[in-house]
Every structure is written in structure tokens, then in C-alpha cells.
Amino acid sequence: LVVFGGVGPNNEYLDDIHVLDMAAFRWSTLIPLGEKPSPRVGHALVAYNEFVFVLGGHEEASKKETKLYCIDVKNDRNWRRFKDKIGNLD
């Protein structure tokens with residue numbers, strides 16, 4: 001189980017990422033590398049194997065839709081942002 005972003009106790013938008021180890025039932029906070037998504041709410045999060053994709057949502061500053069990001073939560077823990085054309089990574 002992976003949780004990214006959301007709204008904090010003081011109504012601030014968050015950009016942290018947490019992973020629940022289902023076998024040990026223990027939460028951990030990832031400290032990823034790369035260009036991470038800005039703090040956001042209302043986004044979609046999809047997991048596929050070791051990859052987690054973050055799409056859309058609203059950024060605190062602009063309240064506009066945002067780009068597609070991907071992170072490998074098991075291996076390099078590196079955020080990657082897709083370019084404007086689907087399938088191209090920065």
C-alpha cells in the first residue's frame with residue numbers, strides 16, 4: 001500500500017510518500033531522489049509491480065492539473081516525470 005500527498009493537519013498540501021509493508025504491517029516513509037511531484041490533492045495513484053504512478057491532482061500554488069510522474073518504490077526510489085508525450089521520460 002502506497003500513500004502520496006494529500007492535506008495535512010493545518011490544511012497544507014503534502015508531497016511525502018509512505019509505504020505499508022503488508023507482511024510486517026509497518027509503515028515507512030520514503031526519501032526519494034529526482035524531481036518529485038509538487039504537493040497536491042485530488043490526484044490518482046496507481047501501482048504496477050514496483051512502480052507507482054501519480055497523475056493529475058491540484059497543486060497548492062496553481063490549483064491546475066499536473067503531469068504524470070513515476071517512482072520505483074523497491075529499487076532506485078527515483079522520481080521520474082513524463083514529458084508532454086506519453087511514454088517519454090525526462
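Taken together through direct or relayed side-chain contacts under 4.5 Å among Ile, Leu, Val, Met, Phe, Trp and Tyr, L1 and F25 form part of one hydrophobic cluster.
Aromatic ring pairs are classed by plane angle as parallel below 30°, tilted from 30° to 60° and perpendicular above 60°; the pair F82 and F53 is tilted.
W79 CH2 to F4 CZ: the interatomic distance, rounded to the nearest 0.5 Å, is 5.0 Å. In this structure, NZ in K67 is found 5.0 Å from CZ in R81, a value given to the nearest 0.5 Å. One distance of note links CG of L30 with CG of D72; it measures 10.0 Å at 0.5 Å rounding.
Taking all atoms of both residues into account, the shortest heavy-atom contact from I17 to I71 is CD1-CG2, 4.1 Å.
Listed by first and then second residue, the side-chain hydrogen bond (donor to acceptor under 3.5 Å, both in side chains) pairs involving residues 45-55 amount to none (not counting sequence neighbours).
Listed by chain and number, the residues in a salt bridge (Lys or Arg N to Asp or Glu O under 4.0 Å) with D76 are R80 (sequence neighbours excluded). Residues meeting the salt bridge (Lys or Arg N to Asp or Glu O under 4.0 Å) test with D16, sequence neighbours left out: none.
Only one option out of V54, L14, D15, V7 pairs with R40 in a side-chain contact (heavy atoms from CB on, under 4.5 Å); it is V54.
A heavy-atom distance below 4.5 Å is found between the side chains of V3 and W27. Side chains of V46 and L55 form no contact here, defined as non-hydrogen atoms less than 4.5 Å apart.
Side-chain atoms of D21 never come within 3.5 Å of backbone atoms of R26 as a donor-acceptor pair (strictly under, hydrogens ignored).
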